[in-house]
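Residue numbers begin at 1 in each chain, while the letters A, B, ... track the order of the sequences. Hydrogens, waters and symmetry mates play no part in the numbers below; they use all other heavy atoms, side chains included.
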Amino acid sequence: MPESIYDHNQIELKWEERWKNDPDLYRANNPTAKKYYVVEMFPYPSGRLHMGHVRNYSIGDALARYMWMRGYNVKHPIGWDAFGLPAENAAIKRNMHPRDWTVSNIAEMKRQMHRMGFAYDWNSEVATCEPEYYKWNQWFFLKMYERGLAYRKKAMVNWCPECATVLANEQVVDGCCWRHETTPVEQRALEQWFWKITAYADELLRDIDDKLQSGWPERVLSMQRNWIGRSEGSEVDFKVESTGEAIRVFTTRVDTIYGATCVILAPEHPIAQKLLDDAGRAKAKQLIDARKQQGPGDLIKDGAFTGAYAINPYSGEKVPIWIGNFVLMDYGTGAIMAVPAHDERDFDFATTFGLEIRPVIRALPYGVNVKKEYRASSGPDPERLIVPTLETPSKAAMTDDGITEKSGEFSGLPSEEARRKMNQFAEEKGFGKAAITFRIKDWGISRQRYWGTPIPMIHCQKCGVVPVPEKDLPVELPYNVKFTGKGRSPLAEVPEFMNVKCPTCGADAQRESDTMDTFVDSSWYFYRYCDPKNNALPFDSAAANQWFPIDQYIGGVTHAILHLIYSRFFTKVMRDLGMITNAEPAANLFTQGMVLGSDGSAMSKSKGNVVDPEDMVGKYGADTCRLFVLFANAPEKDMPWIESSVGGPRRFLERVWRFVTRNIDRQPETPNPEADRKALRKLHQTIRKVTEDFDNRWHFNTSIAALMELINELYDHEAGLSRAALDQILPDLALLLAPFTPFIAEDLWEQLGRTGPVFRQPWPKWDDALAQEDTLEIPVQVNGKLRTRIAVPLGTSQADLEKIAQADPKVQPFIEGKTVAKVIVVPDKLVNIVVK
RNA sequence: GGCGGAGUGGCGGAAUUGGCAGACGCAGCAGACUCAAAAUCUGCCGUACUUCACUGUGCGUGUGGGUUCAAGUCCCACCUCCGCCACCA
């Protein structure tokens with residue numbers, strides 16, 4: 001009888017067809033043991049799955065299926081964030097309306113998700129481009145506006161001359177447009193809407209350490225800390241000598257203020273503009289323009305003396321006021337004090353312009369019994385040892401903390417203590433205080449594009465900016481829009497949309513023509529999953545509180561400082577609106593690694609190194625494809641794409657298929673208890689291994705390796721297996737494969753005469769007694785070097801192990817004529833004989 | 001420059017709590033089957049030396065030190081790569 005062939009196409013298409021007709025297949029229904037899994041899904045701009053998506057979803061899918069089998073009620077929904085600039089650009093390119101393009105895009109994505117056998121709850125599906133969804137973006141906008149968290153101001157925005165359009169900050173890569181990598185982005189001033197994420201900066205930072213620490217990867221937390229960029233320091237007023245006007249500077253090193261030899265203002269600084277003469281203002285303009293063109297990396301220090309002086313409030317000393325191109329107007333106060341002896345940048349500036357370099361901090365040598373951060377050097381290397389000194393630095397600034405000197409009444413203090421005392425002093429005298437500065441800026445959400453949520457605001461000649469009344473939501477996007485791709489908001493060209501009556505006075509007025517950043521949509525989509533059809537509210541609070549926070553969020557690290565900060569911000573706003581009780585969206589975050597192309601960089605269309613999952617599925621099958629992306633390495637690591645390795649997982653599935661199908665009805669002629677015992681032992685060891693991997697660390701590559709070992713062992717003992725053993729092994733094999741390869745697992749399950757979706761079956765249990773090896777190979781070392789292995793029964797006593805090991809003929813030559821000083825015995829693990 | 005992560009065979013990687021380094025797979029080599037090939041099955045597969053003996057010894061997890069009976073794993077210093085931030089005061 002010929003062996004049955006593993007024909008993936010036949011199997012997978014059969015099950016795809018059956019699953020497609022069951023919208024409730026993956027619906028959660030047990031309200032007690034619940035888990036909420038969300039796999040981040042951003043399918044634009046290509047409208048097709050790529051290998052990154054496949055890997056991402058294979059991970060989430062394996063976890064959800066395992067949790068189902070463990071009896072949990074898993075909510076595992078899906079959303080479509082097909083909005084935004086990429087959708088609009090793709091649609092323009094295809095000469096389609098974005099909305100039509102997106103509808104076909106989503107349909108295609110769904111088809112591919114089905115084809116890959118991914119499980120999700122269709123009943124919770126959300127598409128952010130639908131008015132039913134984006135209505136609530138507008139609702140949130142109004143709530144933000146009411147609470148003073150939304151405001152409008154003129155600001156500099158990024159402009160790509162090639163695209164002729166505005167770009168979001170996140171779409172600027174190394175100063176260039178993300179779509180035109182050699183075209184530098186220009187700055188233009190435009191009226192923009194902002195959301196006040198800075199109001200939550202402190203809490204966003206605090207909760208990183210409080211609430212997220214254990215459940216989020218350190219990599220992401222560190223990026224968010226960087227991004228928020230909290231700086232503790234001081235604000236100090238230097239008064240302009242001639243006018244008495246205060247120049248407020250921000251510094252983290254107020255302990256060095258007696259070494260300040262000038263004050264430097266950003267060229268844009270209003271006080272600088274007042275102090276400068278015409279020539280000086282021209283110079284300032286030149287500095288500003290030069291900075292716009294040059295990348296910040298290669299900026300050469302430049303500046304000019306204003307001709308005015310300011311008074312150091314601590315020392316009473318008179319110092320010159322300069323402008324400098326390296327001082328930024330939009331960080332801190334736009335003004336600094338320069339301490340060339342103790343700051344690299346100030347040192348450069350001072351050497352360029354011949355300013356005084358005056359040391360006021362004595363460095364501490366390594367080895368002094370002070371906190372590490374006070375030391376001048378952290379290593380024992382004598383070359384690097386900095387001798388305590390107050391010499392004027394000639395090559396570089398001494399930027400470490402130390403002991404203050406020549407600092408009036410604050411001399412002789414460790415830097416930290418000096419900062420504390422000096423802050424206190426400034427506050428008492430009223431010329432300064434301790435201050436905290438954040439790097440994070442308010443979130444500019446205006447986009448001059450068509451394909452986004454219209455901002456629900458109306459501009460009235462008489463009343464100014466007026467919000468659209470809540471009852472008039474949603475403000476829908478008009479359909480009859482002409483696309484020029486020229487960067488003016490297309491909405492502004494549609495009179496039916498733009499012309500409206502003022503809700504306050506009834507006069508003719510104009511709608512806001514900007515739309516919202518699409519990161520608004522993705523900031524809260526996972527809340528809508530709980531209640532996707534709600535017409536009265538974004539979602540029902542009770543439903544959200546039942547599921548939130550998300551037990552497990554799975555996504556790429558690329559969104560660490562964008563989506564993952566925005567959604568944390570949104571969660572806090574919603575909590576303050578009384579909509580939810582959780583302060584953080586997700587208790588646990590898992591960031592899967594990227595799939596890397598042959599050149600080692602991330603797979604992307606522009607690099608031409610993409611692999612189409614459709615091709616892979618056609619050639620090897622969806623199961624093989626999924627197994628391959630999970631088997632390559634641990635899922636949090638980047639996966640190098642080496643297609644020649646696909647054969648391994650494919651061969652493995654063929655071996656599984658052959659083993660199960662040819663043993664379904666086989667009546668063994670020569671059953672052998674020894675074969676049964678060995679096979680069952682391996683089975684139970686494998687169940688244990690796979691279960692522990694799922695429970696503890698999600699290293700699916702080692703789980704799959706264990707399954708491969710199992711099938712290898714089963715082949716070795718196949719002839720001797722009894723019917724009873726086979727009846728235990730075959731179904732368990734199907735169950736163990738179910739999280740990774742749902743099609744083949746489901747089909748084998750059916751062939752074994754069982755019914756019901758395989759992922760609804762209980763996960764197999766292992767028996768420690770059956771998994772236990774009866775003899776152990778214990779390594780014997782002499783002085784830590786492996787000399788032999790001895791076979792002993794499990795649980796052999798320490799004394800016996802010691803005796804057997806020393807008597808071993810392979811060990812003898814190494815201990816002969818020497819004194820055995822000590823014998824280390826780790827029962828059931830190892831023996832180490834120490835000789836002299 | 002600051003912060004975070006990583007460095008193990010020809011390749012992807014394993015070693016979960018300090019306890020046999022290289023599981024599992026790819027590629028490669030040899031053999032069986034075959035007219036032949038594919039597929040399948042079996043064996044070998046870090047490195048140097050050694051042996052008639054599939055025997056044995058040494059070396060080996062980026063580098064240099066250290067702790068320990070024992071280190072890929074812990075400590076100190078350094079090198080390299082990746083990511084994020086960056087004239088952020």
Quick one: which protein N/O atoms are closer than 3.5 Å to N/O atoms of nucleotides 21-25 of chain B? Pair and distance per line, please.
| residue | atom | partner | partner atom | Å |
| --- | --- | --- | --- | --- |
| B:A23 | O2' | A:E709 | OE2 | 3.1 |
| B:G25 | OP1 | A:N712 | ND2 | 3.2 |

Any side-chain donor-acceptor pair under 3.5 Å between A:R439 and A:N226? no

Under 4.0 angstrom, heavy atoms only, what part of the nucleic acid is A:E692 near: base, sugar-phosphate, or nothing? nothing

Using the P atom on both, measure B:A71 against B:A89 and round to a whole Å. 44 Å

Given B:C41, B:G4, B:C84, identify the nucleotide with an atom nearest to the side chain of A:I561. B:C84

Counting distance alone, no hydrogens or angles: does the base of B:C69 have a donor or acceptor under 3.5 Å from a partner atom on the side chain of A:N783? no

With sequence neighbours left out, write down each residue that passes side-chain hydrogen bond (donor to acceptor under 3.5 Å, both in side chains) with A:K619, or none if nothing qualifies. A:E643

With Watson-Crick and G-U wobble geometry limited to distances under 3.5 Å, how should the secondary structure of RNA chain B be encoded in dot-bracket form, using | for bases paired to another strand and [ ] for crossing pairs? (((((((..(((......[....))).(((((.......))))).((((......))))..(((((..]....))))))))))))....

Selection: residues 227-238 of chain A, any non-hydrogen atom under 4.0 Å of RNA chain B: A:W227, A:S231

Sorted by position of nearest nucleotide on RNA chain B, 5' first, the leading residue of A:V834 and A:V826 is A:V826

Quick one: closest heavy-atom pair of A:R55 and A:P635, and the distance? NH1-O, 3.4 Å

Honestly, is A:K301 close enough over A:F349, meaning NZ or CZ under 6.0 Å from the six-membered ring centre and within 45° of the axis? no

Heavy-atom donor-acceptor pair, A:K829 side-chain to B:C20 base, under 3.5 Å: no

What's the gap between B:C44 and B:G25 when it is taken at their P atoms, as a whole Å value? 13 Å

Who passes side-chain hydrogen bond (donor to acceptor under 3.5 Å, both in side chains) against A:T624, sequence neighbours left out? none

Test item: A:Y715 side-chain N/O and A:R655 main-chain N/O as donor-acceptor pair under 3.5 Å: yes

Is the base of B:G7 syn or anti, if syn means a glycosidic angle within 90° of 0? anti

Between A:D348 and A:R655, name the one whose nearest nucleotide on RNA chain B is closer to the 5' end. A:R655

Do the side chain of A:N832 and the base of B:C69 come within less than 3.5 angstrom through a donor-acceptor pair of N or O atoms? yes

Check nucleotides 59-62 of chain B against the protein and report each pair of N or O atoms closer than 3.5 Å, with its distance, or say if there are none.
| residue | atom | partner | partner atom | Å |
| --- | --- | --- | --- | --- |
| B:C59 | OP2 | A:K785 | NZ | 3.4 |

Quantified in whole Å, what is the C1' atom distance between nucleotide B:U47 and nucleotide B:U61? 14 Å

For the C1' atoms, the ones on B:C24 and on B:C74, what distance do you get once it is rounded to whole angstrom? 28 Å

Among the nucleotides B:G12, B:G4, B:C85, which one has an atom lying closest to any side-chain atom of A:N633? B:G12

